[in-house]
Amino acid sequence: MRRDVSSELIEKLDIEKVSELLDIPEHRITGAIQRKTLQYVRGRHDFFRFDKPISGIEAGTCIFLEPFDVVRGFPKIPRALMLHPSVAAHFSTCEKVAVEEKMNGYNVRVALINDELAGITRGGFVCPYTTEKAIELVGREFFSEHPDLVLCGEMVGPDSPYVPKSIYDIESLEFFVFDIRDKLTGKPMPVMKRREISDEYGLRSVRFFGEYEVEKADIEIANIIRGFGTSLNEGVVIKDPEMVLPPVKYTSSMSNCADLRYAFEFYNDYGRDFFFPRVCREAFQSVEWNENEEGQKERCRRFGESILLPMIKTIRKKKEDGRITETVQIRVRNLKTMQEFEDHLRLLGVDAIFDEPENTGDGYIVKIHKKYHSTSDKTESILRGELWS
Ligand code: ATP
Ligand code: MG
């Protein structure tokens, strides 16, 4: 009789050990494998990843098999909509809060796995491109003294296949550390200690704005956000300096609108999920900052334009040449990384076309066109006269 796939997978994992180390009942682990919440990924490293959180273990947690190793997922950061009451309530047991810039790129954990560096994305995949970048940008020095720690940071810049941004004056891609955590428990280091250690190893940290008294932090943060002006800096993350309480994020209206412009260019893929939370953020910010009528009107105009203009552009584009794609680029040292990244995108279910690599002398730039089928098909059918049902 053919054995069930999940029982083969269950045998790969030392369930007893995982249960003990992560404090999850054994039946929940086997159940999660059967339901594919705990998924097996085969590749350069064989591992299991948590697709969703289970028993307090974050989504994106990885369990590597040979040799056995665990890297905890990066926890979700709750968001404040009203700065003053949220900061005061959430950090009521702290005297001060540390405020750092929230950089807009993609979340990466860099860890030593089987004596090699691995660049792990938020969902718990080892990304071959991110791994090449981690080797280049982070190096091994930190890990030779701290093999049991994981560097959590944002990969930021234009050569990003996930969240390309040109707002920071970064030429290609840079890694900014915002957390150093214990691999197995996920326990974070205090803010200043983390920043000092990062400096020691020549690693860049996210921008630090200051430590502020809890009661006055909202005024300082409002000034920081207003100080961003029309630039697209995303916002701030507000932290307990000891990192005992979880951090809180707060973002600017400009970056909100930039997200909407992106989401509504691919409206049928992202529009719905992006829309409502951002309406709420804008409305509460307007009230908390006591905006006058002119300010409110300006906010409405900016918000409305961010939704409709990209969508109109997409419909026109579909009418003219029919291709709804997002073009991103990667910059690789060798073509093997590009091929591995092509496989990786396939594993993630992203349909993409890779252009011929352009040789830059010390590597290659590869343009990638991601296809947005849902937006493309929906637009086409409506343009043909199909009714919205
Ligand atoms: P979440 O799952 O936390 O809700 P999300 O996927 O919706 O996150 P974001 O809204 O971008 O993502 O907010 C959290 C992310 O912000 C973190 O996962 C991290 O990648 C990023 N980040 C950028 N700068 C910082 C910073 N200074 N401190 C902590 N996280 C930061
Ligand atoms: Mg982000």
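First listed ligand is number 1; within each ligand, the first listed atom is number 1.
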- Message: Could you check whether any side-chain N or O of Asn334 sits under 3.5 Å from a backbone N or O of Thr337, counting only pairs where one atom can act as donor and the other as acceptor?
- Response: yes
Could you list each nitrogen or oxygen of ligand 1 that sits under 3.5 Å from a protein nitrogen or oxygen, with the atom names and the distance?
{"unit_1": "ligand 1", "atom_1": "2 (O)", "unit_2": "Lys76", "atom_2": "NZ", "d": "3.0"}
{"unit_1": "ligand 1", "atom_1": "2 (O)", "unit_2": "Arg122", "atom_2": "NH1", "d": "3.1"}
{"unit_1": "ligand 1", "atom_1": "2 (O)", "unit_2": "Arg122", "atom_2": "NH2", "d": "3.0"}
{"unit_1": "ligand 1", "atom_1": "3 (O)", "unit_2": "Ile77", "atom_2": "N", "d": "2.7"}
{"unit_1": "ligand 1", "atom_1": "4 (O)", "unit_2": "Lys76", "atom_2": "NZ", "d": "3.3"}
{"unit_1": "ligand 1", "atom_1": "4 (O)", "unit_2": "Lys249", "atom_2": "NZ", "d": "2.7"}
{"unit_1": "ligand 1", "atom_1": "6 (O)", "unit_2": "Arg122", "atom_2": "NH1", "d": "3.4"}
{"unit_1": "ligand 1", "atom_1": "8 (O)", "unit_2": "Arg122", "atom_2": "NH1", "d": "3.3"}
{"unit_1": "ligand 1", "atom_1": "8 (O)", "unit_2": "Lys249", "atom_2": "NZ", "d": "3.3"}
{"unit_1": "ligand 1", "atom_1": "10 (O)", "unit_2": "Lys102", "atom_2": "NZ", "d": "3.4"}
{"unit_1": "ligand 1", "atom_1": "10 (O)", "unit_2": "Lys249", "atom_2": "NZ", "d": "3.0"}
{"unit_1": "ligand 1", "atom_1": "11 (O)", "unit_2": "Lys102", "atom_2": "NZ", "d": "2.6"}
{"unit_1": "ligand 1", "atom_1": "13 (O)", "unit_2": "Lys102", "atom_2": "NZ", "d": "3.1"}
{"unit_1": "ligand 1", "atom_1": "13 (O)", "unit_2": "Lys249", "atom_2": "NZ", "d": "3.2"}
{"unit_1": "ligand 1", "atom_1": "16 (O)", "unit_2": "Lys102", "atom_2": "NZ", "d": "3.3"}
{"unit_1": "ligand 1", "atom_1": "18 (O)", "unit_2": "Asn107", "atom_2": "ND2", "d": "2.9"}
{"unit_1": "ligand 1", "atom_1": "18 (O)", "unit_2": "Arg122", "atom_2": "NH1", "d": "3.2"}
{"unit_1": "ligand 1", "atom_1": "20 (O)", "unit_2": "Asn107", "atom_2": "ND2", "d": "3.0"}
{"unit_1": "ligand 1", "atom_1": "20 (O)", "unit_2": "Glu154", "atom_2": "OE1", "d": "2.5"}
{"unit_1": "ligand 1", "atom_1": "24 (N)", "unit_2": "Met103", "atom_2": "N", "d": "3.0"}
{"unit_1": "ligand 1", "atom_1": "27 (N)", "unit_2": "Glu101", "atom_2": "O", "d": "2.8"}
{"unit_1": "ligand 1", "atom_1": "28 (N)", "unit_2": "Lys239", "atom_2": "NZ", "d": "2.8"}

- Query: Heavy atoms, side chains only, cut-off 4.5 Å: are Phe125 and Arg49 in contact?
  - Reply: yes
- Under the ring pair (Phe, Tyr, Trp, His ring centres under 6.0 Å) rule, collect the residues that match up with Phe74, sequence neighbours excluded. Phe178
- Message: I'd like to know whether the aromatic ring centres of Tyr270 and Tyr372 sit less than 6.0 Å apart in this structure.
- Response: yes
- Side-chain donor-acceptor pair present, Glu26, Ser19, cut-off under 3.5 Å: no
- Task: May I ask you to decide if Gly361's main-chain N or O and Asn359's side chain share a donor-acceptor pair within less than 3.5 Å?
- Result: yes
